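The structure appears below as structure tokens.
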Amino acid sequence: MLKVLTSSCLQNGFHAVTTSFTPQVRRGTESNTPLLQVLGSLRSSNSRGPYLYRRFFCSDSTDGSEPNSEAKQVEGEIEGGDVDSKASAAIVPTVFRPEDCLTVLALPLPHRPLFPGVYMPIYVKDPKVLAALVESRKRQAPYAGAFLIKDEQGTDPNVVSASDTEKNIYELKGKDLFSRLHEVGTLAQITSIQGDQVILIGHRRIRMTEVVSEEPLRVKVDHLKEKPYNKDDDVIKATSFEVLSTLRDVLKTSSLWKDHVQTYIQHIGDFNYARLADFGAAISGANQLQCQQVLEELDVHKRLQLTLEIVKKEMEISKIQESIAKAIEEKISGEQRRYLLNEQLKAIKKELGLETDDKTALSAKFRERLEPNKEKIPAHVMQVIEEELTKLQLLEASSSEFNVTRNYLDWLTALPWGSYSDENFDVLRAETILDEDHYGLSDVKERILEFIAVGKLRGTSQGKIICLSGPPGVGKTSIGRSIARALNRKFYRFSVGGLSDVAEIKGHRRTYIGAMPGKMVQCLKSVGTANPLVLIDEIDKLGRGHAGDPASAMLELLDPEQNANFLDHYLDVPIDLSKVLFVCTANVLEMIPNPLLDRMEVIAIAGYITDEKLHIARDYLEKSTRETCGIKPEQVEVTDAALLALIENYCREAGVRNLQKQIEKIYRKIALKLVRKDGKIEPQNAGVNEVKAESVHISDEIKSKEETQAGAKSVEGTNDDKPSENVAEALEAPVNQMQKSTDEDTHLQEVEEVTESEASKTIEKVVVDSPNLADYVGKPIFHAERIYDQTPVGVVMGLAWTSMGGSTLYIETSLVEQGEGKGALNVTGQLGDVMKESAQIAHTVSRIILQEKEPDNHFFANSKLHLHVPAGSTPKDGPSAGCTMITSLLSLAMKKPVKPYLAMTGEVTLTGKILPIGGVKEKAIAARRSDVKTIIFPSANRRDFDELAPNVKEGLDVHFVDEYKQIYDLAF
């Protein structure tokens, strides 16, 4: 038995070796086929021939168990041919043939099937399977079945990652694994085992039939053979040649495929059509299902067709790959070429002296900036600039220090060292400019004119720090621009409201990334002069945060003694700000820190009285609003009565910002009214004018008659009312004139009358008066403050200051109950602590005065009183209502009403002295608004009242008092 087996193995195995590498011995049917002739060029490229083949196919084992390993590893791969009896007598084989393997160990392949004649390394994680493979190799039966694993049902094979697939394979055992494997696989020879890596080479196709054992999985298999085919079939030849042609084209573009081809030829020997199909599918990048389809196909012609389809797709992919590589290569080579040419151009220009390098160019730019004012630049600044320019030349352009130095020099050379704008010392011109932009604000204007006058006498001007304080909307910010225009200075504004970082004022250190100078250095660079007007807005709203206290940092900036050498952290050289005029704005002075307030000259802007608001509305606000809304002056008329009503009932605040909003509201509604009435105002007027002109200037009879007729028709079209008979006659007149020239003058006169009436209708003005003001701005917000025409007993009018200006208020006192020893006082009206104390003082002083005037009157001792200050929802506080409260209490005690049209204000001490109060202007305005004729002020406020404008004081009988006794005589 052994003799028959070994001789059979010898005949097959040894003949396979000889046919693979000595084709001149075989003169049979396949050796001279056209297929092999085409492949000649591919095989001839391998000069090492059989020697390399033998090394590659030789087994690794060195234990002597496989004495004829070369013959063993190749046997059975290619069958047929004559038996060389001498060769068979020289070799004694000891292994069985692959076709004797009917039961094999099943190895799952996760990615691609294994084709006959192809090497494939796989990793075996299951120790039982690995042990079984080692054992079968030792038993001289180194074969296993390699089967592609199926995709899980319901999953896309293109989405599941490789690691997930392998993980799923390792978890499958026994019948579960059997059910997941494709039926057709490959009988594979185990060539080497290194750790968990097993290298397989495919031999022939097999099909699983049933499970023999589950762990590890062993299966029974049937060996498959190709279906018989005619080797001389033209279709098969053509298909195989097309496959070869396509492979040759792919080989030209892919070096990886060349290695595949050479290795495959060395291992397999002669090609035939079936092996050609397997080879094409094996080395392609097709997906696993397409490859499995090729493996399962036993019809050689169909298998070649499937392979041809796969390699054609590979050819297209290789073309795309080539185009992508070419595009990228062109892009890279183009950029490199451009870079080299630019470098060469720079070198040529440098040699010819046409261009300098970046550092030299930068230095030249900085020196060019300095040239115009070089003599005015301080010596210490010039020294720093020179040092930095020298440092710039020594630094590499790519270093970070280079950019820091360049930015530093950029700022140093951009500042206007010693450069001043020519100032205007013409007081009259400055006064004209200030009056053009703002009405009123005499205190501010006077101070600016004083500044100009001093500068004119000295021949030069100095910087100042002025603070404008007042309620919102009085023009503090806008007058800053007017002052700059009047002085012919550059204007720069920055707001410090909410500022909490000192670096915004003093700058950052240069060592920080993105460091910048402070606002003042930015200002000087922006305006280009060293004597601008700088408006610092909202200085009372400075913040304070973790980055320091900006209010303290402002001390150096706004101190006339220090800002001549202002030191910015970024520049680190002193800057002269002594010529800068600082104008600060604030709403509440109490919010400004005292050291900062002490450095500023405060000018209080109290606000505008009604007359001033009327002038501002008429001369400034109405004009600008009309232009903004696109309305012509002849289309709208807002009467003075309407403006007064608007100011008194809608806009009582000190400023005019709300007044501007209300005027804009009026004009917007007028614009809508005009557009709704007739959207084509311009064309109407133009048409009317044309008609009038044509009617008067008639030169050509017939032409003028026709034009007049057309114009009259257009007039009729614009008329909203029904056309009258006269209009119809006027339209027909030009036609009739062609026959009756005697009626010409009469008809033309009629046309003129019609067009004039139509024009008057078109240009009809929209009039806004006090009666219809509510149609435009709604119901009045404020109502009359005067509650009583004649104040009753116990009621007296006082004067108060509010953020909206001044207002009048009543103090009412009423008797609750009387009884022996029931004297008490209860106060209401949301009064503050100071005002409650004033009520207690007033109660005491009134008892003393009543005791003096009427000794027998014990009203206060026996009466429980209630003092109220309407309106109850408005918080009130302050000492200036003292004299008003005393008068109210005495009026109730003596049952005497005070004089009509009387109002008073003043703080009272416990001994009856009258102390000064604030807000004289606002209180005087409020008194006039409430038709008060007589006002009582403290004597200390006489100076404040004398400074008021004549139109405020007009019609007021003002008395100044030192003690309450004088008020008593005036009131009762």
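These numbers were taken from a predicted model, which means no experiment stands behind them.
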Identify the residue among K623, R429, R485 that makes a salt bridge (Lys or Arg N to Asp or Glu O under 4.0 Å) with E436.
->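 The salt bridge (Lys or Arg N to Asp or Glu O under 4.0 Å) with E436 is passed solely by R485 among K623, R429, R485.
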Less than 4.0 angstrom from a charged side-chain N to a carboxylate O is my criterion; do [X] and [Y] meet it?
X	Y	result
R367	E386	yes
R481	D437	no
E954	R928	no

Are a donor atom and an acceptor atom from the side chains of [X] and [Y] found within less than 3.5 Å of each other?
X	Y	answer
Y776	Q662	no
N531	K490	no
D944	N941	yes
Q660	T625	no
E538	T585	no

Could you check if a side-chain atom of [X] sits within less than 4.5 angstrom of a side-chain atom of [Y], using non-hydrogen atoms only?
X	Y	answer
L362	F402	yes
M554	R599	no
I479	I605	no
R626	Q635	no
P938	F960	no
E388	L409	yes

Which donor-acceptor pairs under 3.5 Å do the side chains of residues 566-582 make with protein atoms, sequence neighbours left out?
from, atom 1, to, atom 2, distance (Å)
D568, OD1, G518, N, 3.0
D568, OD2, Y570, N, 2.9
D568, OD2, L571, N, 3.3
H569, ND1, G507, O, 3.4
D576, OD1, S578, N, 3.0
D576, OD1, S578, OG, 2.6
D576, OD2, S578, OG, 3.4

I would like to know whether F366 and L392 meet side-chain contact (heavy atoms from CB on, under 4.5 Å); could you show each step before the answer?
-> CA-CA 11 Å; F366 293 142; L392 187 72; 4.3 Å; yes
Would you find a donor on one side and an acceptor on the other, under 3.5 Å apart, between the side chain of [X] and the backbone of [Y]?
X	Y	result
R618	L614	no
D540	N587	yes
K506	P517	no
W417	K374	no
S399	L395	no
K876	T874	yes
D537	F494	no
D877	V834	yes
R369	D410	yes
S469	V588	no

Residue of the set L558, I505, L542, I465 for which side chain to side chain contact (heavy atoms under 4.5 Å, CB included) holds with I536 |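 Considering L558, I505, L542, I465, a side chain to side chain contact (heavy atoms under 4.5 Å, CB included) with I536 is found only for L558.
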Would you name the heavy atoms of [X] and [Y] that are closest together and state the gap between them?
X	Y	result
L589	C467	CD2-SG, 4.2 Å
N424	A486	ND2-O, 2.7 Å
C584	M600	SG-SD, 3.7 Å
L659	C651	CA-SG, 3.6 Å
A642	L773	O-CD2, 3.6 Å

Would you please test E648 and T610 for side chain to side chain donor-acceptor pair (under 3.5 Å) and show each step?
-> CA-CA 8 Å; E648 292 290 340; T610 303; 3.0 Å; yes
Run the numbers on M520 and L557 for side-chain contact (heavy atoms from CB on, under 4.5 Å), then give the verdict.
-> CA-CA 9 Å; M520 271 316 301; L557 182 64; 3.1 Å; yes
Given V656 and E612, is the side-chain contact (heavy atoms from CB on, under 4.5 Å) satisfied, shown in steps?
-> CA-CA 10 Å; V656 292; E612 290 174 334; over 6 Å; no
Please confirm whether K923 makes a cation-pi placement over W801, using NZ or CZ under 6.0 Å from the six-membered ring centre and within 45° of the ring normal.
->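 Verdict for W801: no cation-pi partner in K923.
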Tell me, please, which residues at least two apart from D501 pass side chain to side chain donor-acceptor pair (under 3.5 Å).
->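 If we apply the side chain to side chain donor-acceptor pair (under 3.5 Å) test to D501, skipping adjacent residues, there are no hits.
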side-chain contact (heavy atoms from CB on, under 4.5 Å) between M382 and L370, worked out = CA-CA 9 Å; M382 200 66 207; L370 296 172; 3.9 Å; yes
Under the salt bridge (Lys or Arg N to Asp or Glu O under 4.0 Å) rule, what do E450 and K445 come out as? Steps first, then yes or no, please.
-> CA-CA 9 Å; E450 290 168 8; K445 293 177 180 177; over 6 Å; no
Start with the C-alpha distance between R943 and E947, add both sets of side-chain angles, then the distance that settles salt bridge (Lys or Arg N to Asp or Glu O under 4.0 Å), and finish with yes or no.
-> CA-CA 6 Å; R943 179 178 58 84; E947 290 177 355; 3.6 Å; yes
